[in-house]
Visitor: 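I'd like to ask some things about the structure below.
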Protein chains: 2
Amino acid sequence: MPTNPNEQSKNPDLRLINKALAMICGKWRLYIILLLGEQTLRYTQLSELLPGISEKVLAGELKALVALGVMKRKAYAEMPPRVEYKLSKKGRLALPILNQLQEVGQLFN
Amino acid sequence: MPTNPNEQSKNPDLRLINKALAMICGKWRLYIILLLGEQTLRYTQLSELLPGISEKVLAGELKALVALGVMKRKAYAEMPPRVEYKLSKKGRLALPILNQLQEVGQLFN
DNA sequence: CTGCATCCTTCGCGATACTG
DNA sequence: CAGTATCGCGAAGGATGCAG
């Protein structure tokens, strides 16, 4: 829509916004992403780092984030089972911007 | 919190995250902020730019965003009434980061 | 260990009618 | 014009128990 060359303020794109909101909104979603950061964590480790989250919610959020392409799930055929979660390539690309949201939060302390 | 000099990966701060989420989560909140951007808009203009939003929700979101300190409300004692909304200083400071969320959305198209 | 099924409560959001 | 009041539904999230 840059029909006007001196128009520097681009209209917000509702579709892109909703895409972004889908992966960060909710009580735990963004926190899980930032927590993962560059590391790989197992299901149990995540549940310990997210005190108060219920099993149902944690499993659901992880599944949703994997479906969104933000993170990868790797299950090992062992006994007992072991499952590891890490950010996908795209997830790591988004990480710097998502981290800056904390600075936004700081602004409004 | 940089007690450890070689600690470059900062733990996510749940409090700051929640502060940030409070102002962008929800179906309309972030979109309203980005829409406002640098301009000043009246109540009716906003409702036209947000097709489908109900009166109750729009009024509620505006009130909430003002309470959060993201935007300012200015009412003129005229007849008929006129009320203008614009981002606060802090809101404008946060704007660049919030705009980048659209790039995150683009990543996951 | 990992995670799904069930039940229940709360909250976000929409529709509509009404007011200063 | 700029909202508030009321009603209602569906989704989000918590508690608990069960399963591979």
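Throughout, a chain's letter reflects where its sequence line sits, starting with A, and its residues are numbered from 1.
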Visitor: Can you name the closest pair of heavy atoms from R15(B) and N109(A) and give their distance?
Guide: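 The answer is NH2-OD1, 3.2 Å.
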Visitor: Select base, sugar-phosphate, or nothing to describe what Y85(B) touches, counting heavy atoms under 4.0 Å on all strands.
Guide: sugar-phosphate
Visitor: Any side chain to side chain donor-acceptor pair (under 3.5 Å) involving residues 57-72 of chain A? Give me the pairs, sequence neighbours left out, ordered by first then second residue.
Guide: R29(A)-E61(A)
Visitor: Side-chain contact test, heavy atoms from C-beta onward, threshold under 4.5 Å: evaluate it for Y85(A) versus L62(A) and give yes or no.
Guide: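 Counting from C-beta outward, Y85(A) and L62(A) do come under 4.5 Å.
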Visitor: When you measure from the side chain of S88(B) to the backbone of V70(B), do you find a donor-acceptor pair of N or O atoms at a distance under 3.5 Å?
Guide: yes
Visitor: Base, sugar-phosphate or nothing for G26(B)? Non-hydrogen atoms, less than 4.0 Å.
Guide: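 The residue G26(B) makes sugar-phosphate contact but no base contact.
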Visitor: Should E48(A) and Y43(A) be marked as a side chain to side chain donor-acceptor pair (under 3.5 Å) after you check the CA-CA gap, both sets of side-chain angles, and the distance that decides it?
Guide: CA-CA 9 Å; E48(A) 286 165 358; Y43(A) 182 88; over 6 Å; no
Visitor: Can you check each nucleotide of nucleotides 14-20 of chain C against protein heavy atoms at under 4.0 Å and return B for base, S for sugar-phosphate only, - for none, in 5' to 3' order?
Guide: BB----B
Visitor: Using whole Å, report how far CG of L62(B) lies from C1' of dC13(C).
Guide: 15 Å
Visitor: Has the side chain of Q102(B) got a donor or acceptor atom that lies under 3.5 Å from a matching backbone atom of L98(B)?
Guide: no
Visitor: Quick one: E61(B) CD to dC13(C) C1', roughly how many Å, whole number?
Guide: 9 Å
Visitor: Rounded to the nearest 0.5 Å, what separates atom CG in N11(A) from atom OH in Y31(B)?
Guide: 7.0 Å
Visitor: Would you check if M71(A) and K86(A) make a side-chain contact, meaning some heavy-atom pair closer than 4.5 Å?
Guide: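 Answer no - side chains too far apart.
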Visitor: Name the first nucleotide and the last nucleotide along DNA chain D (5' to 3') that come under 4.0 Å of a heavy atom in chain A.
Guide: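 First and last nucleotides in contact are dG13(D) to dG20(D).
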